[in-house]
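This one's a predicted model, so the numbers in the text were calculated from it and none came from an experiment.
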Amino acid sequence: MTTSIDGQRLWDTLMAMAEIGPTANGGSCRLALTPEDAAGRRLLLDWCEAIGCTWRVDRVGNLFIRRAGKRDDLEPVGTGSHLDTQPKGGRFDGILGVLAGLEVFRSLHDRGIVTERPLELVVWTNEEGSRFAPAMVASGTYAGEFAVDDTLSRRDADGVTLGEALEACGYAGDLPVGEPRLDGFFELHIEQGPVLEEEGEAIGVVTGVQGMRWFDVTFAGQSAHAGPTPMRLRHDALAAAARLIDRLQAHALADDSGDTKVTCGCLDIEAASRNVIPGEVRLTVDLRHVVEAELDALQAVFERELAAAGETFGVAVSRERIWASPVVAFAPECIEAVEAATRAQAVPYRRMMSGAGHDAVYVSRVAPTSMIFIPCRDGISHNEAEYATPEHCSLGAQVLCDAMVARADRPT
């Protein structure tokens with residue numbers, strides 16, 4: 001029998017969380033392990049403690065909130081996402097997945113339902129990567145991708161380490177990283193793209209996540225006066241960067257499938273001045289594809305165009321790959337649980353790959369995992385204008401609830 005979630009209560013909690021770190025244009029700013037992030041965690045814990053849940057924090061700040069099952073000796077079924085945001089983020093990215101998990105717990109509590117396996121609501125630390133790079137570093141540490149000490153020593157732009165930030169905000173835990181092990185994990189999220197909305201579909205049954213690689217690039221030329229220096233004698237680092245960006249854009253746009261994606265999100269000109277030829281430029285490059293071999297080919301194009309840009313403009317080039325996340329295929333049994341729960345709602349849906357990275361990427365390495373997407377207006381995310389309707393939030397939470405309960409109550 002389906003446990004109906006309370007969509008209005010879910011919406012009210014979303015709006016209440018948005019009041020912590022509000023931005024001028026209706027979004028949220030809760031950078032990882034800031035006082036605002038800590039306040040958001042505390043509010044969530046207050047809500048969870050009110051329905052009898054217990055909680056623990058691991059050494060990298062991941063927060064695990066447990067709802068007891070009939071057999072607490074069994075591994076729990078997990079859900080969750082993140083509460084940290086971009087500097088000018090929205091009210092739904094990550095937060096929806098956490099508060100929908102809370103709503104599942106509340107709805108089961110209201111009806112006195114206890115699942116066979118315990119349930120675990122997880123808040124992963126620093127998913128966004130906007131304060132401590134790379135993104136998803138704490139869920140990656142949980143899954144064994146990063147060493148605990150390396151994660152704790154990562155620094156923000158002000159030189160504060162992640163470990164110091166954990167201590168300062170009160171979420172430096174002692175639970176060993178990698179515990180508790182999960183029987184399965186489901187993450188609800190806004191799509192962060194326009195496909196579901198454009199196709200009139202209410203749910204995305206997520207089968208995997210595209211591969212991603214991040215690079216830091218430096219062009220080192222020579223600063224000189226913009227007037228006296230002939231064009232043919234310049235070593236213009238910004239011109240070289242512009243050539244790289246243009247060539248990568250052209251390559252991605254030539255892929256009619258739309259699966260090739262290139263983004264240059266940060267550009268830093270050393271000692272910038274309007275009448276000085278840029279001598280040094282730093283650039284970030286984000287490469288993505290749904291097929292690992294094609295991602296390899298895309299990286300080869302990037303490296304070839306980087307070398308060519310340096311040679312054409314007479315500047316030295318260097319690059320460092322700072323993060324790589326391979327193409328991920330989610331667990332068939334979890335995908336099928338989400339699909340069955342979606343079919344029961346009799347709404348239009350599609351199976352789809354995720355274009356963005358999520359904590360579920362790393363969790364899938366150590367536990368059967370899948371994701372649920374709902375539409376977001378105009379596909380906009382990482383933006384104060386980010387929006388999902390109350391109806392879609394409620395529907396996503398209902399699918400999450402039914403998939404979790406089905407897995408938690410399956411025969412052992």
Side-chain angles (χ1 to χ4, degrees), residues 1-11 13-14 67 76-82 92-111 113 115 117 119-122 182-193 195-197 199-209 330-354 356 358-360 363-364 367-377 387-410:
M1 179 179 177
T2 297
T3 299
S4 297
I5 64 98
D6 185 335
Q8 184 60 55
R9 181 170 57 190
L10 171 59
W11 187 258
T13 60
L14 284 164
R67 184 174 192 270
V77 174
T79 189
S81 195
H82 59 99
F92 302 89
D93 174 7
I95 297 90
L96 172 63
V98 174
L99 298 184
L102 167 65
E103 179 54 38
V104 171
F105 283 17
R106 283 172 159 176
S107 296
L108 294 173
H109 176 79
D110 290 346
R111 291 158 182 79
I113 296 171
T115 53
R117 289 175 178 270
L119 304 179
E120 203 85 31
L121 174 57
V122 189
L182 300 174
D183 171 72
F185 184 75
F186 298 91
E187 183 172 358
L188 172 64
H189 210 280
I190 57 172
E191 181 195 352
Q192 298 182 286
V195 175
L196 292 175
E197 183 180 61
E199 299 299 324
E201 292 160 335
I203 292 289
V205 177
V206 185
T207 59
V209 181
F330 286 145
E333 63 270 31
C334 290
I335 296 169
E336 289 161 9
V338 170
E339 190 162 35
T342 302
R343 284 198 305 267
Q345 297 301 313
V347 296
Y349 74 95
R350 70 165 50 205
R351 287 192 171 206
M352 64 192 301
M353 291 280 282
S354 172
H358 301 282
D359 292 306
V363 180
S364 70
T369 297
S370 186
M371 293 188 70
I372 304 157
F373 279 171
I374 63 167
C376 55
R377 186 170 59 196
Y387 182 76
T389 68
E391 294 78 14
H392 281 141
C393 292
S394 178
L395 175 63
Q398 187 65 64
V399 170
L400 174 67
C401 180
D402 294 348
M404 288 184 70
V405 170
R407 185 162 182 87
D409 284 345
R410 77 188 192 282

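For the residue pair Ser394 and Gln398, no side-chain donor N or O sits within less than 3.5 Å of a side-chain acceptor on the partner.
Residues Leu10 and Leu99 form a side-chain contact, since some pair of their non-hydrogen atoms from C-beta on lies under 4.5 Å apart. Using a 4.5 Å heavy-atom cutoff, the side chains of Asp402 and Gln345 are in contact. In this structure the side chain of Thr13 reaches within 4.5 angstrom of the side chain of Arg106, judged on heavy atoms. Side-chain contact between Val104 and Thr79 is absent, with no heavy-atom pair separated by less than 4.5 Å.
When every heavy atom of Leu188 is checked against every heavy atom of Ala397, the shortest pair comes out as CD2-N, 3.7 Å. The heavy-atom pair separating Arg343 from Tyr349 by the smallest distance is CG-OH, 3.7 Å. Of all heavy-atom pairs spanning Ile5 and Cys401, the tightest one is CG2-CB, 3.9 Å. Of all non-hydrogen atoms in Cys334 and Phe186, the two that sit nearest each other are O-CE2, 3.7 Å.
The CG atom of Leu102 sits 13.5 Å away from atom CD1 of Ile95, with the distance rounded to the nearest 0.5 Å. Rounding to the nearest 0.5 Å gives a distance of 8.0 Å between OG1 of Thr115 and CE of Met404.
With Ser370 contributing its side chain and Val206 its backbone, the two residues share a donor-acceptor pair below 3.5 Å.
In this structure, the salt bridge (Lys or Arg N to Asp or Glu O under 4.0 Å) partners of Arg407, at least two apart in sequence or on a different chain, are Asp183. Considering only residues two or more places apart in sequence or on other chains, Arg111 meets the salt bridge (Lys or Arg N to Asp or Glu O under 4.0 Å) condition with none of them. Asp110 is linked by a salt bridge (Lys or Arg N to Asp or Glu O under 4.0 Å) to Arg9, counting only residues two or more places apart in sequence or in another chain. Residues forming a ring-ring contact (aromatic ring centres under 6.0 Å, His included) with Phe330 (at least two apart in sequence, or on another chain): none. For His82, the ring-ring contact (aromatic ring centres under 6.0 Å, His included) test picks out no residue, with sequence neighbours left out. For the salt bridge (Lys or Arg N to Asp or Glu O under 4.0 Å) test, residues two or more places apart in sequence or in another chain that qualify with Arg351 are Glu339.
Using bins of under 30°, 30° to 60° and over 60° for the plane-to-plane angle, the ring pair Trp11/Phe92 lands in the tilted bin.
For the pairing with Arg350, the salt bridge (charged side-chain N to carboxylate O under 4.0 Å, His left out) check across Glu201, Glu197, Glu191 returns one residue only, Glu201.
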*Start with the C-alpha distance between His189 and Leu96, add both sets of side-chain angles, then the distance that settles side-chain contact (heavy atoms from CB on, under 4.5 Å), and finish with yes or no.*
CA-CA 6 Å; His189 210 280; Leu96 172 63; over 6 Å; no

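His358 and Phe373 have their aromatic ring centers within a separation under 6.0 angstrom.
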